[in-house]
Amino acid sequence: MTRKVILTIIIAGITLLLVSCWDQIEIEDQAFIVGIALDKSDESGKLEVTFQIAHPKAFMAESQVDEPFWNITQVSEDITIARNELIKKINWIPTFEHCQILLISEDVAKDRFEKYLDFLIRTFEVRKKLQIAIVQGKAKEILDLKFKSGIIPSFVISEILNKNTKYSFEVTDYSHIGRIHIALIEGHDFILCRIIPLKDELSISGGAVIKDFMLAGWLSGEEVMGARFLRGDVESGFLEVKLPPELGEDVILRIYESESELKPEIRGDKLYAVLNIRLEGDINEITAPSSGLNSDEYIKKASVVIEKNLENIIKRTFKKVQQEFASDPFRIKEKTQSYYPHFYQANQGHWDEIYRSAELEISTEIMIRRIGEIKNRKD
């Protein structure tokens, strides 16, 4: 190999290294924004945008910092301008690569808030798994909480949401910005998690019904469970039901397999929403009266009670969302367009009236595979 060829290879290698690293920003020069809170400002038409920033050294191995994070509030028209103003106040470059959560106060959510999501949806920095929740109160109060674990609040809240959606039916799993982007494009309603700030802690339960990117109303935890069955995104979890006196006390059904499917049906000129549910699970140990029932008899009677209880919750949820909020987070409109295109085309001019007069029919099958010890209660 000639000296000329060797020299050419060396120059090419150096050039590639320079090209690939010329814009690299060292970790200690970055401000990692891990959480954002949006509240209404006293200034008309402006927001209080609170950034939770993790100390750069908090991401380094074996580093110890006195303050792993701090919060900075900027009054601006939107997140983009707030970020640009933030750059002037700190000696680091803000980045959203590790942003975990966006908290939106109910006051902000009552107006059309999709305009505030535009920057987060479009920027390449933000993960599609960024979670969004509606706070029933001041959003920045959540970021001010101090947890005993010492972990940054944004990471704690994100982890709670991730775990609760997997094991609890009462927390919606429709909270990632990627899904919200789809809702924005397709123009359908949805439900976000509700967070309630308490004195020194928070409560994550229930949901916020979003119609036309505005807060239409709140659902309780039980109603979110009903909405998840209607929406068909239930998996595994626990269902607690109060039994009638002759069967005992409360019973907890551990559901490990579930299916639910909501389909529209047109009968005559009327729309019906038909929901089919199938659940399999186990009942833990329960206390029952001395009724003399064996396990098979008890399971049969308890199954009927659980089915009726679940159906009542779902019907109540459907009616509340349909009548009070005039919202359709269950995608009945889109399903009708798919299943009955001619009917939809003929009635799309007064679809809201068609939807609000729709009736819900539920068919539920609960299979209790095993049951713990039945302890006789002494009445």
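Just so it is clear, the structure is predicted and the values come from calculations on it, not from any experiment.
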Exercise. Is any NZ, NE, NH1 or NH2 atom of the basic residue among K138 and E106 found under 4.0 Å from an Asp or Glu carboxylate oxygen of the other?
Worked result: no
Exercise. Do you see a donor-acceptor pair shorter than 3.5 Å between the side chains of S41 and E48?
Worked result: no
For this session: Give a yes or no on whether a salt bridge exists between D144 and K140, defined as a side-chain N under 4.0 angstrom from a carboxylate O.
Result: no
Problem set entry | Close side-chain approach of I132 and L120, heavy atoms under 4.5 Å | no
Exercise. Within a strict 4.5 Å, meaning less than it, do heavy atoms of the D118 and T80 side chains meet?
Worked result: no
Exercise. Any ion pair linking K335 and E265 (charged N to carboxylate O, less than 4.0 Å)?
Worked result: no
Exercise. So, are D282 and R369 salt-bridged, with charged N and O less than 4.0 Å apart?
Worked result: no
Exercise. Take atom NZ in K46; do more than 12 heavy atoms of anything else shown fall under 6.0 Å from it?
Worked result: yes
Problem set entry | Check against salt bridge (charged side-chain N to carboxylate O under 4.0 Å, His left out), K40 and D111 | CA-CA 10 Å; K40 272 202 171 182; D111 297 325; 2.9 Å; yes
For this session: Report, as yes or no, whether the 6.0 Å neighbourhood of atom NZ on K300 holds more than 12 heavy atoms from other residues, nucleotides or ligands.
Result: no
For this session: Verify the cluster assignment for W351 and L360: are they in a single hydrophobic cluster under the rule of side-chain heavy atoms below 4.5 Å apart?
Result: yes
Exercise. Of all residues at least two apart in sequence or in a different chain, which pass the ring pair (Phe, Tyr, Trp, His ring centres under 6.0 Å) check with F169?
Worked result: F229
For this session: Ignoring hydrogens and angles, state whether a donor on the side chain of T172 or R231 is under 3.5 Å from an acceptor on the partner side chain.
Result: yes
Problem set entry | NZ or CZ of R83 within 45° of F51 ring axis and under 6.0 Å | no
Exercise. Passes side-chain contact (heavy atoms from CB on, under 4.5 Å), R278 versus I366? Steps please.
Worked result: CA-CA 6 Å; R278 181 180 178 277; I366 295 181; over 6 Å; no
Exercise. Is the NZ atom of K308 crowded by more than 12 outside heavy atoms at less than 6.0 Å?
Worked result: no
Exercise. Are I72 and W70 side-chain neighbours, meaning at least one heavy-atom pair lies under 4.5 Å?
Worked result: yes
Problem set entry | Residue pair K89 / Q74, side-chain donor-acceptor N/O under 3.5 Å | yes
Exercise. Linking I/L/V/M/F/W/Y whenever their side-chain heavy atoms sit closer than 4.5 Å, directly or via other members, would I81 and Y116 fall into one cluster?
Worked result: no
For this session: Run the salt-bridge test on E97 and R127 with the 4.0 Å N-O cut-off and return the result as yes or no.
Result: no
Exercise. Side chains of I180 and F213: closer than 4.5 Å at any heavy-atom pair?
Worked result: yes
For this session: Taking atom CD of E186 as the centre, report whether more than 12 heavy atoms of other residues, nucleotides or ligands fall under 6.0 Å from it.
Result: yes
Exercise. Are a donor atom and an acceptor atom from the side chains of N276 and E261 found within less than 3.5 Å of each other?
Worked result: no
For this session: Evaluate the criterion salt bridge (charged side-chain N to carboxylate O under 4.0 Å, His left out) for residue pair E222 and R316; output intermediate values, then yes/no.
Result: CA-CA 10 Å; E222 194 175 66; R316 187 171 69 249; 2.5 Å; yes
For this session: Give a yes-or-no answer on whether the side chains of S327 and D189 include a donor-acceptor pair shorter than 3.5 Å.
Result: yes
Problem set entry | Side chains of I191 and L219 in contact at under 4.5 Å (non-hydrogen atoms) | yes
Exercise. Can you find a pair of side-chain heavy atoms, one from R331 and one from K333, that are under 4.5 Å apart?
Worked result: no
Problem set entry | pair Y339-I266: side-chain heavy atoms closer than 4.5 Å | no
Exercise. Checking side-chain contact (heavy atoms from CB on, under 4.5 Å) against Q131, which of N162, L192, L103 comes through?
Worked result: N162
